[in-house]
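I have placed the structure first, in the form of structure tokens, so that the comments after it can refer back to it.
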Amino acid sequence: MKLLTHNMLSCHIKGVRSGYPFLIEVVKVSEHEADFDTDFLKHIFPRINWPAFLQGAEAMGCREGLPEAPNESALEDEQFQKAFHHALLEVTLEEGSLICPETGRKFPVSKGIPNMLLNEDEC
Amino acid sequence: MVRVVPNKGGSQADDIPSTSGREYLAYFVHRLLEFRKPELESLAQTVGCKAEEIRWRAPAGDVEHSPFWYLTLPSEDAALQISKRMILTKMLVEVWGEGEDWADLTAAIQACPQEVKAPWLGPELTFRVVVESFGSSLPMDEQLELIKRLEFIPFKGAVRLRDPQARWAPLRRRMNGEGARGSLGGVVPARLYFGRLVGSSDRGVIDTYSLRRRRYLGPTSMDTEMALVMCNQGGVRRGSLVLDPYAGTGSILVAAAHFGAKVMGADIDIKVLREGKGGERLTIHSNFQQYGLRGPLDLVRLDTHRHPIRPDLAEVRLHAGRPQGQRAPIYQRKPPPACAFCCNPLALRCATLPYTQPYTLGECLRDLLELSARLLVVGGRLVYFLPATPETYDKAEIPQHPALELIANSEQILTTRYSRRLITMEKVRPYDAAAAAAYYASHPDPTMSIDKLHDIVYEQLPPQPPSSSASSSSLAAAAVAAATEGGGVDGGTAVKPRRRCRGKNF
């Protein structure tokens, strides 16, 4: 699971109000090279919830080079682009889990694939 | 006697005078008839043409499913760009002349204005002639003879078969009398066209990704040609983000990755996503590796009925600063933010509804439309297959959403009783939760008549008259025996549903 996906997911258990963002429990992190595409970064940037992204990057150990609160102009900076690209699309959570900040429910991530299915009593 | 018949189907004079744009003849592959025009239109929009700049003109004979159609595009560059990706169109040709026979054609070519011809006849341009014939194939000697007859055109350049700078395509449509077979036999008049070949499609790509050689397959893997067409319909291009919420073995994602998109897959079935084929350790990723494509960004196990996508994701508008719904300016080289959903929700399952409660196709599509209406950018597209049978199909039943507009609806006939329709929808306005809620309140029941597919498949046949001959009575006895075995309690009198296909449920 990449941080891009982490940024899109929130806990959907019935009744949960503040299920975003998921806390990340890391067992194993790997890196997969992704095609660098400035246009894609610019297109996806406004959709990223930055505090959640930083929190995820912290947990995955790729926080370096990411500013606290970047604005659109930061996207022109090559250093920033590289750090953003790396943390967003290359660093992968192979094994671990996503933890709901409200209920503590763990959604397991194995072989890079988060299992977001709910149990019958949760929906 | 020479009769000059420029175009029977609709002469230039009758048409609205074309103030801008250039007209090309699209020579279609003669299959998936309802898909061919929408594919070219979608591609034209993908390369930046505005919808109003794309115009169709019927060919001579005025047959809806003719393999030739005239298409006006804003520029030659657009035609070139389109031809690099088109799957269901063989070539785009700038026509210099057409006619019912050679005399007509010769006269038309000679009548073609000098300013069109001159730039392409210079001595510095190498060229070759590509003969195409629809309805029958031409042996080489006939092709050569055809080329010889073109010698009246003052070609000055040198012939070069490999990588010529200009290509010429005499197209021949021979339908009446000889070789009049197939769906158009006797309907389309014979016709000759000659023109400059602007671009031809690379249908070899279908074979490159052929399912026969793909390593990881499932029972519903999408046919390569169709997956590529779906991506063309969805406007998938470099820099797009494509999500298939019913990814399965990733056959649509592979096609999207071929066009340079970043892809994500979701499925409810963890086995197909994570475990793959046992023993050889084949997964979706091995399919991408096989073709040297960059693998999917992520795969997620989720249920589209109760999905974990954060609720505020749609509120970030991507087309900020641009009026709503306006398309990217023409030939903007950098890809505009586009996001497409391409999926095939046929193999559906829902985990959050108890097994006793069926998850109908109508409900599934409502979930799908709702999710895409929220996640797509304005201008982004949703492409999916809708199963249909001729008896139950009703255009009014196609699921709708206030934020989405139907772009194309193309039927692919599978058998006499079943077909599927490729539905293309575009997000035309920002997502508005209130409008969506109002729409659902006015349409509370999403069930479609195709949801009764089980009944359609196992339809009750009218009672059969008692069999008289000995041979058929033994067959009937066997049938009754099989029926009682299958749970029939009320004896032989009631009519048993006849089994029409092997599939148990949808």
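Letters A, B, ... are given to chains in the order of the sequence lines, protein chains preceding strands, and every chain is numbered from 1.
Neither the backbone nor the side chain of A:Thr38 comes within less than 4.5 Å of any heavy atom in chain B. Looking at B:Arg294, only its side chain comes within 4.5 Å of chain A, counting heavy atoms on both sides. When heavy atoms are compared at a cutoff of 4.5 Å, B:Leu299 approaches chain A by way of both its backbone and its side chain.
Looking at B:Arg366 and B:Glu370, no side-chain N of the basic residue comes within less than 4.0 Å of a carboxylate O on the acidic one, giving no salt bridge.
For the options B:Val300, B:Leu273, B:Asp298, heavy-atom pairs under 4.5 Å to chain A are most numerous at B:Asp298. Looking only at heavy-atom pairs under 4.5 Å with chain B, the residue among A:Leu4, A:Leu89, A:Asn7, A:Thr92 that has the most is A:Asn7.
Applying the ring-ring contact (aromatic ring centres under 6.0 Å, His included) rule to B:His307 yields no partners; only residues at least two apart in sequence or on another chain are considered. Every residue was checked against the ring-ring contact (aromatic ring centres under 6.0 Å, His included) condition with B:Phe259, not counting sequence neighbours, and none meets it. Among residues two or more places apart in sequence or in another chain, the ring-ring contact (aromatic ring centres under 6.0 Å, His included) test is passed with A:His86 by none.
Taking each heavy atom of A:Ala74 and A:Phe80 in turn, the nearest pair found is O-CD2, 3.3 Å.
Using a 4.5 Å heavy-atom cut-off against chain B, the contacting residues of residues 20-32 of chain A are A:Tyr20.
A:Arg63 places a side-chain N or O within donor-acceptor distance of the main-chain N or O of A:Leu66, the cut-off being under 3.5 Å.
B:His401 and B:Tyr431 have parallel rings, their planes meeting at less than 30° on a 0 to 90° scale where 60° marks the start of perpendicular.
For A:His43 and A:Phe40, the distance between ring centers is under 6.0 angstrom.
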